[in-house]
Structures are given as structure tokens and as C-alpha cells.
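Every value quoted in this text rests on a predicted model; they were computed, and no experiment measured them. Sequence lines set the chain letters: A, B, ... in the order given, protein chains first and strands last, and positions in each chain run from 1.
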Amino acid sequence: DGLKWLGLEWDEGPLKGGDRGPYFQSQRNAFYEKHFKTLQDKGLVYEDNGSFRFRSPRQPVTVVDMVCGTITFDRALEPDMTIRRPDGSWIFHFVNVVDDIEMGITHVIRGEDHLSNTPKHVEIYNALGIKPPNFAHIPLILNRDGSKMSKRDDGASIASYVEQGYSPEAVRNYLCLLGWSPKDNREVIGIDEVISLFDLEKINRRNAAFDLDKCFWINGQYIHNMSMEQFADLSIPFIEKAGIPFGSREQLIPVLAIVKEKIKLFCDVPEWISYFFTEDFAYDEASVEKTLRKAGAMNNLTALRQAFSEVSSWDAATLEAKLKETAVARGVKTGELIHPARIASSGRSIGPSLYHMLEVLGKDRVLARFDRTLTQFA
RNA sequence: GACCCUAUCGUCCAGCGGUUAGGACACUGCCCUUUCACGGCGGUAACACGGGUUCGAAUCCCGUUAGGGUCGCCA
């Protein structure tokens, strides 16, 4: 599910099929038996307390790694590894090699935690008389404190990005920047370009710490550059989950259009648009105290209501001109009108551009909200 | 403990013998904006340490230290 969400496809596997199945270890016993027999025939397997061990040649093994270079391991003191348990089940290192052989794997690209296990795998390939595949061990991802990141750590689960409303492309972009870069200081880079520029040999060998802040920032960049249609597609699931009665997609788009530039995470969308779809919204207490309770606020709001009720065209530019004109006429700063108007029509002091917000809300609803505010805080 | 890998701002990357050591995130100053953001212009901040090699080392070599990994009848 995580790979799918990130837009990463695979060639074959369970639920997809392919020529190298079956794809479950439990169904591949015949392959394991076959190669196990080969090792036995060569006298390279011996029994030890019911289990079976592979007899290591105890010769130095040189691993040629596409990322780490050429590394020689001295195998002289290594214990023989167990490859099969007394109950007949198999050990990872053995089946891993057999699966890669039978599935025709040409490149084994995995975490660096397996670098030290690779000579074991190479010994099995050699014993089976099969040329080892190309290996590439990539750096591990660390937590901010330097410890190895694992399943339960913050940021390790793709599910958390889905829940918080990250854009898949943004997370994928961030991940690409861990241990690799386009070399020209760019941070936001499309997957097509990553693919054309990517080269295993260019991967860093240093482990990287996961920086959620930067991932968050890249997500903001993606939202900023995103089309309204895509923005709506990604927002709607969160809006529906919040139970906001937004009507149709056509009714929703104008609202999303004026808040898009404010959004950093899709899970924040409901909070930004809720008051557009209900008259039953609460007034933020701090804003009420700071602005609505201020001396003269109600008189200013009353004057603005009167002025707005007379405009011939209800659009942002007209409303802005009218508001400023009213401020001049009353001899007050525009802020004395802007702030009360914002709170009266949305219940809060933070929101999209005031004039655009009023335009989208529509004349009738704005005047009604002004009236309600006037009544409630007179 | 043995073996393997690594070592540039707090973090992610550039740098691959001669640079005022660059960019991004984060932090921060100013501008823009009478909201919040975006954006623009600045700032703080790094070559782990010690030896070599060299006319000259962040760049090459060795050592130390630190961090990570592997040494399973886990995967």
C-alpha cells in the first residue's frame, strides 16, 4: 500500500503475477529443496543438532558493491551458518539467495545493514556454481537523534503521511534527496528527472537522518505548484471525513481557490474552510476580546454594513475600494474596519484575503453575519 | 569483543589539490502584506582530532575518536 501510494510500481509479485512465481516463500519449497540437494551432493552441508549448516570455504570473499566499492572480508574465523532448521523450515540467508537465483535477479539493492551479510550470500552462490548478482548497499535512514530508523519511529510509516495529508509526490521527492542529489542544489525535482539523472554509483555512503521539517516544506512547495483540480482531489477526502457539507465540487472549488496558498498539509483544509459551509460557527474568544470588544468596533462595523449593502457589484476589488472609502469617510484606519469585518464574517482573525473571502461568501451571507455580530456584541 | 561502513553548518546535500567552503530545511533581522501564509533581501552556523604527502589540503595516505552496521536454528 505504501509503495502504491508513493506511485512506485513493481514488475511482478503477489496479486500481480508474473513468470517467476510463486511469490510466497511457503510455496517455493521445491526450489529450496533442489538447491539444498546440490549443496548436499557437494558435501557442503552437515548436520548439527538436527539442523543443517553450510560449510564455509573459510576463504577471503571480495564483494564488489556498486555503492560501497570493492570490499574484502576475511572469512577465516566465521562460524558456519545454519540454512535449515530441524523442522525442515529454511533460514533467510539461504532462501534469499535461492529466490534471487530462481527469479533471475540481476541487481540486489538493499540497506547497508546487509553489507556484512553479503559474503555469506556470495559463498552460497559460489557453492552453487552461480555467478553472484550485482550488489548495491545503500545508506540507512536514521532518526534525528542518530539512531537507526525502524517501523515504529516517527515518519517511518507511510500511513502517517497519508493520514496527515502529504502529497505522495512530495514525500517521494523528499525520500529521493536522502543519500542522493541532483548535484545542482535543487530540492524540488520531478520523478522523471530523478530517474534520468539517477545513478547507483552517485549514491552517498553516509547514513542520513530523517528531517520531517524539510519533508513538510517540500510538501508546501508541491501544494503551491499544484493545479486547483489536483488540490481539490487531494483535499476532498479530508473534507468529507470532517463531515463538512460542501455541496458539489463546483461549489467547493471557489472556496479552495482562496485558501490553497495557506495550506501546508491536507489535514488542515477542513479547519480553513468550515465556516464557508455553515452559519453555525463560533467566534474565536481571543479575537472577540481583542477586536470586537474594542471601543468603536461596533460603530465601524455598522457603517461598513451600510456601505456594503449599497455596492452595485459584489466583487473583491469593489469591496476593497468601498471599505477604504468608508474608512476615509469615518476618519479611521482601514484596519479598524478590516479586522472586525473578518471576525464578523468568519469568526476568526486568521483566514484568506478578506475581500476575496467576502466575495466568495456572497452579499446576503456577509450582511447577515454582520447583523448577527452586531446583535451579539452590541 | 571481532569484522565492515561512515565522518563538511543542528539536519539534508554541493565540493573531488588552490573557493571569501555553496544551496536547502530549521532559527533569526528587514521588506512586502493592516490577518495568516507565499515571496524578496540579509544574518547566525560546518570541514571531528593528530600525524603525514604536497609549494599548497575539506579534498590523497595513516592513526585516534565518534557514529552506524553485522556477527541467530529473525527477516
Nearest 0.5 Å, what's the CZ-OH distance between A:Phe281 and A:Tyr275? 9.5 Å
Would you classify A:His114 as touching base, sugar-phosphate or nothing, given that sugar-phosphate means primed atoms plus P, OP1 and OP2, and contacts are heavy atoms under 4.0 Å? base
Salt bridge A:Asp48-A:Arg53, side-chain N to carboxylate O under 4.0 Å: yes
Within the modelled atom types, does a donor on one side and an acceptor on the other bring the side chain of A:Lys214 and the base of B:rA24 under 3.5 Å apart? yes
Between the protein and nucleotides 39-42 of chain B, which nitrogen or oxygen pairs are less than 3.5 angstrom apart?
residue: B:rG39; atom: OP1; partner: A:Gln221; partner atom: NE2; Å: 3.3

Which is it for A:Tyr46 and A:Asp80 under the side-chain hydrogen bond (donor to acceptor under 3.5 Å, both in side chains) test, yes or no, and what are the steps along the way? CA-CA 10 Å; A:Tyr46 64 91; A:Asp80 290 328; 2.7 Å; yes
Quick one: which of B:rC73, B:rA75, B:rU11 gets closest to the side chain of A:Arg53? B:rC73
Polar atom pairs between nucleotides 3-10 of chain B and protein, under 3.5 Å, N or O only, would you list them?
residue: B:rC5; atom: O3'; partner: A:Arg205; partner atom: NH2; Å: 2.8
residue: B:rC5; atom: O2'; partner: A:Glu112; partner atom: OE2; Å: 3.3
residue: B:rU6; atom: OP1; partner: A:Arg205; partner atom: NE; Å: 2.8
residue: B:rU6; atom: OP1; partner: A:Arg205; partner atom: NH1; Å: 2.7
residue: B:rU6; atom: OP1; partner: A:Arg205; partner atom: NH2; Å: 2.6
residue: B:rU8; atom: OP1; partner: A:Arg206; partner atom: NH2; Å: 3.1
residue: B:rU8; atom: OP2; partner: A:Arg206; partner atom: NE; Å: 2.6
residue: B:rU8; atom: OP2; partner: A:Arg206; partner atom: NH2; Å: 3.4

Which part of the nucleic acid does A:Ser353 contact within heavy-atom distance under 4.0 Å: base, sugar-phosphate only, or nothing? base
Report yes or no: is the cationic atom of A:Arg348 (NZ for Lys, CZ for Arg) under 6.0 Å from the centre of the six-membered ring of A:Tyr283, at an angle within 45° of the ring normal? no
Watson-Crick or G-U wobble partner for B:rA24, using a 3.5 Å limit on both distances? B:rU11
With no hydrogens and no angle check, just 3.5 Å: does a side-chain donor-acceptor pair link A:His93 and A:Asn96? no
Salt bridge A:Glu320-A:Lys324, side-chain N to carboxylate O under 4.0 Å: yes
Which nucleotide, B:rU35, B:rC36, B:rG23, lies nearest any side-chain atom of A:Trp272? B:rC36
When you check the side-chain N and O atoms of A:Thr118 and A:His137, is any donor under 3.5 Å from an acceptor? yes
Which nucleotide, B:rG69, B:rU35, B:rA75, lies nearest any side-chain atom of A:Lys262? B:rU35
Under a 3.5 Å cut-off for both contacts, is B:rG1 paired Watson-Crick or G-U wobble with anything, and if yes, with which nucleotide? B:rC71
Main chain of A:Ile105, side chain of A:Asp100: is a donor-acceptor contact present, judged purely on distance under 3.5 Å? no
Counting only Watson-Crick pairs (N1-N3 plus N6-O4 or O6-N4) and G-U wobbles (N1-O2, O6-N3), all under 3.5 Å, who is the partner of B:rU35? none
P gap between B:rG52 and B:rU59, integer Å: 15 Å
Measure from the side chain of A:Lys264, starting at C-beta and using heavy atoms only, and say which of B:rG23, B:rA14, B:rC38 lies closest. B:rC38
Is there a Watson-Crick or G-U wobble partner for B:rU64 with both distances under 3.5 Å, and which nucleotide is it? B:rA48
Mind checking whether A:Phe135 and A:Tyr125 have parallel, tilted or perpendicular rings, split at 30° and 60°? perpendicular
From the list B:rU35, B:rC25, B:rC73, which nucleotide is the closest neighbour of the side chain of A:Asp213? B:rC25
What contact category does A:Pro86 fall into here, base, sugar-phosphate, or nothing, at under 4.0 angstrom with non-hydrogen atoms? base
Syn/anti label of B:rC38 as read from its glycosidic torsion, with the cut at 90° from 0: syn
